[in-house]
Amino acid sequence: MFLKLLALCLFAFLIYAPIAEARIRRYKWEVKYEYKSPDCYKKLVITINGKSPGPTILAQEGDTVIVEVTNKLLLENLAIHWHGIRQIGTPWSDGTEGVTQCPVVPGDTFKYEFKVDRAGTYLYHAHYGMQRESGLYGSIRVSVRDNFTEPFAYDYDRSIILTDWYHKSTYEQATGLSSKPFVWVGEPQSLLIQGKGRFNCSSSSLKADTCNTSNPECSPYAITVTPGKTYRLRVASLTALSALSFQIEGHNMTVVEADGHYVEPFVVKNLFIYSGETYSVLIKADQDPSRNYWMTTNVVSRTPVNTSEGLGFLNYYPNHPRRSPPTDAPAGPVWNDTAPRLNQSLAIKRVFVFKHMYQTDLKAHHDFIVTPPTTSDRVIVFLNTQNEINGYRRWSVNNVSFTLPHTPYLIALKKKLHHVFSQTPPPEGYDFVNYDIYVQNPINATTTSNAIYRLGFNTTVDIILQNANTMLAKNSETHPWHLHGHDFWVLGYGEGKFDKNVDPKNYNLVNPIMKNTVPLHPYGWTALRFKADNPGAWLFHCHIESHFYMGMGVVFEEGINKVGELPSSIMGCGETKGFGKP
Ligand SMILES: *[C@@H]1O[C@H](CO)[C@@H](O)[C@H](O)[C@H]1NC(C)=O
Ligand SMILES: *[C@@H]1O[C@H](CO)[C@@H](O)[C@H](O)[C@H]1NC(C)=O
Ligand SMILES: *[C@@H]1O[C@H](CO)[C@@H](O)[C@H](O)[C@H]1NC(C)=O
Ligand SMILES: *[C@@H]1O[C@H](CO)[C@@H](O)[C@H](O)[C@H]1NC(C)=O
Ligand SMILES: *[C@@H]1O[C@H](CO)[C@@H](O)[C@H](O)[C@H]1NC(C)=O
Ligand SMILES: *[C@@H]1O[C@H](CO)[C@@H](O)[C@H](O)[C@H]1NC(C)=O
Ligand SMILES: *[C@@H]1O[C@H](CO)[C@@H](O)[C@H](O)[C@H]1NC(C)=O
Ligand SMILES: *[C@@H]1O[C@H](CO)[C@@H](O)[C@H](O)[C@H]1NC(C)=O
Ligand SMILES: *[C@@H]1O[C@H](CO)[C@@H](O)[C@H](O)[C@H]1NC(C)=O
Ligand SMILES: *[C@@H]1O[C@H](CO)[C@@H](O)[C@H](O)[C@H]1NC(C)=O
Ligand SMILES: [Cu+2]
C-alpha cells in the first residue's frame, strides 16, 4: 500500500515537476482612509492593507494575478488600473472608471483578474477622479521565465516609486479646477521617495501634532547595499503634476529597461522621469563604504516653488540606515533646460534580444517581433492646447476637451448603447499650415465632447502629439501621455511644429523603444505607432492628474465585436443598471 502510494507520488512528480507551470498570484486588499504623515504633515491618506505605497505585486511572466479589492473608503467610489499590463483578452480588468468599468461603490468587493504576459516593471494606481494622488498606488514586478537570461547582470533587485504630495485634499483640488473662476492646484508641497518625504514644518505655523519632523513615518527611505554588489533599481514615477530628475550622489546609473522593454544601455548622472514611466537602472556599490549617500529627486520643467525636494539614503552596509550623509544633498539640474531632457528621450533605443538568451529554448519568443511596421494605415495628429470654455479652464486635443460619459464605453459599445455618448467623430488633426503653436488658442475656440476614435481592428495607427502654448504667454508644458491596452513604438521627437512631409523620413524604424508612457516636450512633438490589435476600449491621456481631469485625453475603440462576454461585476452605473447584479 505504502509503496503503491509512493509510486503514485513519484509518478505525479514526474508529470508535473518539469513543467514550469504558470501560477496564480492572489491578493486580498482592503482600501481605506487613514491618517498618515508621509512628509511629516498629517493628513488622510488612502492605504491598501494599511500601507501607502501599497504591497508590491510579485509575479513571473505568464502568471495570472487575481486581486480582490474591498472598498472601505466609506464615502467614495474606487477603481484600480494596472499600468503597463495590456489586458489582452481581459479589457474589463483595466480598471479605468468610465471607460472599462463602473466604479466600485463603498462596501463592495471587486475582483480584478489578468495575465502578466511580459516581464518588466509596472505599476498600479487608482483611476477614479483624482484619487491616485491620495496615495493609492504601488509596484508590479514581473520576473522573466525560468529559462530566460536578461541582457544584463545584477545581484539584487529593488523598487522605488517617486511621487509628489499635496496637503490639500483631492476634493479641494478637484473643486477648484472645475470652478469659475478657476483655482489652480499649485505646486506640490513635497516630493516623496517610496512614500516618504520631508516638509519643512517650521516654515509654517502648523502645530507639532499636525507637522512633526521627528515622526518616524517621514524618516528618509533608505536602500541598503552591500559594497561591491550591483543593484537593479526599478524607478517609477506616479507624480500628480511634476516632471522629475532622480539621482544618487556619487553613483552613475546605467539605464537598461523602460516600461518593460530592454534598452540599449546608456549611462546617466541623473534620470529624467515623467509620471507613468518606469525605468530599471543598474548601480554599482563601488564608492567609499564608510558613509551613506543621498538619493534625491527634484522638480524639472516647472518652476519648483516651495516644493521640498525628495531625499533618501543609499545606505552602505553596515552603516546605520538613518545616518545622514556628511555632504549637502546634490542640487538637481537646471529646471528650465529642456535640451538634456529631450536628449535623454532620444537616447532611449531598444536592445535586440537574441535567441541565445534562452539557455535551453530555441523557440522564438513573442518579444522578438518588435520591429515596427514600416508604414501605417492612419495618421492622427493631436494638437494639445489649454483653453477656456465658457469661463472654465480646460485642456483640449484638436479643440475637443474630453469628458467621461455616465455609461462606461466598453459596456456601451458592446451592448450597442449608441445614445450614451456622442457619435460625431472627433477631429483627426488640426490646421497645421496656419496654426501658430506659439500663441494661445482663442477663448471659446474649443468644445467638450465624449466622442471617441474608432480604429480598424489590426490596423497600424500613427499618433503625432503636437505641443503648443498654454493660456500664459511664452509657456508650454511637458505632458506625459499614457496609452492603455498597448505598447507603442516611439518613432521620434522633435522641436517646434511637426512637418508631415519631412519628419517621418527621420523616424527610427530600426530600433525604436516600445513604451506605454512618453513625454511630449514643451513646444515639441512626439510620434508614436501602434497596432490596434487588442479588442476593447482604451484610454490615451496625459498622466498629469489635473490635466486629465481638465479634459486632456481621448479614447480608442478597436475590435469591439471580438471582446468576450463582459462580467456583470463591471456594470451597475449609468445605463448599465439593467445588466448588473440582480
Ligand atoms: C525651514 O523653514 C525655516 C523658516 O522658514 C527656515 O529658517 C529653515 O532654514 C528651513 N529649513 C530647511 C531645512 O529648509
Ligand atoms: C513628535 O514625534 C516624536 C517622535 O514620534 C514624539 O516623540 C513627539 O512627542 C512628537 N511631538 C508632538 C508635539 O507630537
Ligand atoms: C560617472 O560618469 C562620468 C561621465 O562618464 C565620469 O566622468 C565619472 O567618473 C563617473 N562617476 C563614477 C562614480 O563612476
Ligand atoms: C512659498 O511659501 C512662502 C512661505 O510660506 C509663501 O509666502 C509664498 O507665497 C509661497 N509661494 C508660492 C508661489 O506658493
Ligand atoms: C531659467 O530660469 C531662471 C530662473 O530660475 C532664469 O534666470 C533663466 O533665464 C531661465 N532660463 C531659460 C533658458 O529660460
Ligand atoms: C546627450 O546624450 C549623449 C548620449 O546619448 C551624451 O553623450 C551627451 O553629453 C548629451 N548631451 C547633453 C547636452 O546632455
Ligand atoms: C522555457 O520556459 C517556457 C515557459 O516556462 C516553457 O514553455 C519552455 O518549454 C521552456 N523551455 C525549455 C527548453 O525548458
Ligand atoms: C465665451 O463664451 C461665454 C459663454 O458663451 C461668453 O460669455 C464669453 O463672452 C465668451 N468669451 C469670449 C472671449 O468670446
Ligand atoms: C481649433 O481652433 C483654432 C482657433 O479657432 C483653429 O485655428 C483650428 O483650426 C481649430 N482646429 C481644429 C482641429 O478644429
Ligand atoms: C493581423 O495582422 C497580421 C499582419 O500584420 C496578420 O498576420 C494577422 O493574421 C492579423 N490578425 C487578424 C486577427 O486579423
Ligand atoms: Cu498634461
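In listed order, ligands and their atoms are each counted from 1. In what follows, residues are counted from 1 in the order of the sequence shown. All values below were derived from every heavy atom in this structure, side-chain atoms included, with hydrogens, water molecules and symmetry-related copies excluded.
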Checklist entry - Should the SG-SG distance of Cys201 and Cys211 be recorded as below 2.5 Å? => result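 Yes, Cys201 links to Cys211 through a disulfide.
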
Checklist entry - For the cysteines Cys102 and Cys573, is the SG separation below 2.5 Å? => result yes

Next on the checklist: Is the distance between the ring centroids of Tyr409 and Phe421 under 6.0 Å?
Outcome noted: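 So the answer is yes for these two rings.
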
Checklist entry - Under 6.0 Å from the six-membered ring centre of Trp165 and within 45° of its axis: does the NZ or CZ of Lys43 meet both? => result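 Yes; both conditions hold, so Lys43 lies above the ring face of Trp165.
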
Checklist entry - Which is it for Tyr316 and Tyr293 under the ring-ring contact (aromatic ring centres under 6.0 Å, His included) test, yes or no, and what are the steps along the way? => result CA-CA 8 Å; Tyr316 272 65; Tyr293 296 82; 5.3 Å; yes

Which residue owns the protein heavy atom closest to [atom], what's the atom, and how far is it?
{"atom": "atom 6 (C) of ligand 1", "result": "Asn200 ND2, 4.1 Å"}
{"atom": "atom 5 (O) of ligand 8", "result": "Asn390 OD1, 3.5 Å"}
{"atom": "atom 1 (C) of ligand 5", "result": "Asn336 ND2, 1.4 Å"}
{"atom": "atom 13 (C) of ligand 8", "result": "Ile443 CG2, 3.7 Å"}
{"atom": "atom 11 (N) of ligand 8", "result": "Asn444 ND2, 3.0 Å"}
{"atom": "atom 4 (C) of ligand 5", "result": "Trp335 NE1, 4.4 Å"}

Item to check | Separation of Asn469 CG from Asn384 CG (nearest 0.5 Å) | outcome: 12.5 Å

Next on the checklist: Heavy-atom count check: over 12 atoms from other residues, nucleotides or ligands less than 6.0 Å from Asp436 CG?
Outcome noted: yes

Checklist entry - Which atoms of ligand 1 are found less than 4.0 Å from any heavy atom of Ser202? => result 1 (C), 2 (O), 3 (C), 4 (C)

Checklist outcome for this item: In ligand 1, the atoms that come under 4.0 Å of a heavy atom of Ser203 are 2 (O), 4 (C), 5 (O)

Checklist entry - For atom 9 (O) of ligand 8, is the nearest protein heavy atom closer than 4.0 Å? => result no

